[in-house]
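Step one of this worksheet: look at the structure below.
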Amino acid sequence: MRIFATARAAVHALRPDQPVYCFRPQVLKDDARNFAEAFPGKTAYAVKTNSEPMVLKTLAATGFDCFDVASPAEFEAARTVAPDAELLYTHPVKAQSDIRLALEQYGIRVLALDHEDEVAKILRIVRGLDLDPEVITLLVRIAARGQAAYELSKKFGAAPGHAVELVRRIAGVGFRVGLCFHVGSQAADMHTYERAIASAAWVRSRAGVPIDLLDIGGGFPARYGHDPRQAPPSHPETGALIDDIVGQIAAWGLEDVPLVAEPGRVIVARSFSLIVRVLLRKGRRLYINDGIWASLSDSWTGKITLPARLLPDSARRKRVGNPDNIVPFKVCGATCDSVDILSRPFYLPETVSTGDWIEIGHIGAYSLALRTRFNGFYPDTFVEVTTPFEAAGPAESLASLETMAD
Ligand SMILES: *Cc1c(COP(=O)(O)O)cnc(C)c1O
């Protein structure tokens, strides 16, 4: 992979017509360490967020030895870079063949579920393999409700009363018992975690059996952009958010239970930016060479304003407008699909023209991972960049870092 100081330098050298991912291994290491050092339990990176070997290798080299996985491909991706890593199989609904593979081939000993039929499914395979249930921890996923860009409780999780029954059943069979929740991605506030922790405490007190693990899931928010004409949204700083969560865990009497977290977005978001090219400017619309079927679907469904920086084509001398006037542009994606229009604008100088480049920052989470080959567009070019996105000059829509006022 070629190495550049900044995306601007990469554009200067490559004049790329295809999207280019700029990977920043040092930023990934810093954000990964920042989380792991602030969190008093085990940190299990959620592989689905970005499973590129370069990401997993960098995390393994940083000392990450525990991964949150949901499929055989993810078991393999994690084990390839970290052969001794512990894997947590947190998908609540699993194929029988995948459960068998997890237990038999990958030595996975922690699995999540939210229904009694899943307990029966796992138990049948455990008996078939002649394993002692005592060596396996089953995590009962509790439904968590709250504010997040992606709210997942509609799909997974047992209501607290049901979770109590599941805990008793699992303990009765002889498995070890854990509790888990996942508040959804890009959680908007601390209250979302508080409610989930309160539910976990309630389930434990009602169930009356020992709880060996509390898995607080992911959801920790990453920094994105905002409309520069408005005040930046208050953004919880990761360390402060973790301190609050740990405080709540103690306040609910759960401080004696070993903890796990499964961060994805907050670990990997800042470590990639994406260089795209303006294929055509039509008034206040920009047609770019990436879109919702390639790297930008997360921003589309999550209604996330992405931080964007104009990298003007220096070959183009004549410009219309004032470079200091920042205006919103509607962004149209590369495919012929008419839904391929971003749900939030890019805020850029009004001088943008056809042929310019835009560097989109903080795009490491749920970007590459969600790419499709739809319409024949599949961005797959990578460079390494050494300067963090926010250190390479102004980006008009980048939210400033603020400690959450809570
Ligand atoms: C997706 C997922 C995560 C990671 O979520 P982030 O919001 O990226 O931190 C963690 N745990 C589970 C169970 C998930 O499904």
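All figures in this text were calculated on a predicted structure; none of them were measured in a lab.
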- Output, in order, the C-alpha distance, side-chain angles, deciding distance and verdict of side-chain hydrogen bond (donor to acceptor under 3.5 Å, both in side chains) for R309 and S273. CA-CA 10 Å; R309 169 186 292 133; S273 65; over 6 Å; no
- For the pair I267 and N34, evaluate side-chain contact (heavy atoms from CB on, under 4.5 Å) and give the outcome as yes or no after the intermediate values. CA-CA 9 Å; I267 300 279; N34 183 29; over 6 Å; no
- Check step by step if side-chain contact (heavy atoms from CB on, under 4.5 Å) holds for D298 and I304. CA-CA 8 Å; D298 173 64; I304 290 167; 3.6 Å; yes
- Message: To check you understand the geometry: which heavy-atom pair defines the closest contact between H182 and G219, and what is its length?
- Response: CE1-N, 3.8 Å
- Query: So, do Q186 and F220 sit near enough that their side-chain heavy atoms are less than 4.5 Å apart?
  - Reply: no
- Item | Under 3.5 Å donor-acceptor, N375 side chain and C336 backbone | yes
- Query: Is a donor on one side and an acceptor on the other found under 3.5 Å between the side chain of N50 and the backbone of V55?
  - Reply: no
- Item | Distance under 6.0 Å and angle within 45° of ring axis: R141 vs F156 | no
- Item | Cationic N near anionic O, under 4.0 Å, D84 to R79 | no
- Test log, rule ring-ring contact (aromatic ring centres under 6.0 Å, His included), inputs F272 and F23: CA-CA 5 Å; F272 283 81; F23 177 47; 4.9 Å; yes
- Message: Looking at I341, is its backbone amide N or carbonyl O close enough to the side chain of W300 to form a donor-acceptor pair, meaning the two atoms are under 3.5 Å apart?
- Response: yes
- I358/F346 under side-chain contact (heavy atoms from CB on, under 4.5 Å): CA gap, chis, key distance, verdict: CA-CA 9 Å; I358 297 166; F346 284 178; 4.1 Å; yes
- Measure from the side-chain N and O atoms of S271 to the backbone N and O of V268, and report whether any donor-acceptor pair falls under 3.5 Å. yes
- Just wondering, do I108 and L103 contact through their side chains at under 4.5 Å, heavy atoms? no
- Message: Test side-chain hydrogen bond (donor to acceptor under 3.5 Å, both in side chains) on Y106 and E76; report intermediate values, then the result.
- Response: CA-CA 9 Å; Y106 288 90; E76 188 56 29; 2.5 Å; yes
- Query: Within a radius of less than 6.0 Å around NZ of K121, do more than 12 heavy atoms belonging to other residues, nucleotides or ligands occur?
  - Reply: yes
- Message: Can you tell whether the side chains of D313 and R15 come within less than 4.0 Å, N to carboxylate O?
- Response: yes
- Between the main-chain N or O of K282 and the side-chain N or O of R285, is there a donor-acceptor pair closer than 3.5 Å? no
- Give the C-alpha distance, both sets of side-chain angles, the deciding distance and a yes or no for side-chain contact (heavy atoms from CB on, under 4.5 Å) between I125 and Q96. CA-CA 8 Å; I125 297 163; Q96 293 196 42; 4.2 Å; yes
- Item | Pair R204 + D256: basic N to acidic O under 4.0 Å | yes
- Could you check whether the rings of F389 and H362 sit parallel, tilted or perpendicular, using 30° and 60° as the cut-offs? perpendicular
- Task: Would you check, one step at a time, whether the test side-chain hydrogen bond (donor to acceptor under 3.5 Å, both in side chains) holds for S299 with R344?
- Result: CA-CA 8 Å; S299 78; R344 292 290 178 271; over 6 Å; no
- Task: Considering only NZ, NE, NH1 and NH2 on the basic side and carboxylate oxygens on the acidic side, decide whether E384 and R24 come within less than 4.0 Å.
- Result: no
- Task: Give the intermediate values and the outcome of salt bridge (Lys or Arg N to Asp or Glu O under 4.0 Å) for residues D30 and R270.
- Result: CA-CA 10 Å; D30 290 347; R270 253 177 17 108; 5.4 Å; no
- CD on E52 to OG on S367, rounded to 0.5 Å: 9.0 Å
- Message: Please give me the minimum heavy-atom distance between R316 and T354, naming the atom from each residue.
- Response: NH1-O, 3.5 Å
- Is it true that atom CD of Q18 has more than 12 heavy atoms of other residues, nucleotides or ligands lying nearer than 6.0 Å? no
- Item | Heavy atoms of other groups near W252 CH2, more than 12 under 6.0 Å | no
- If you look at every heavy atom in K94 and L111, which pair is closest and at what distance? CE-CD2, 4.1 Å
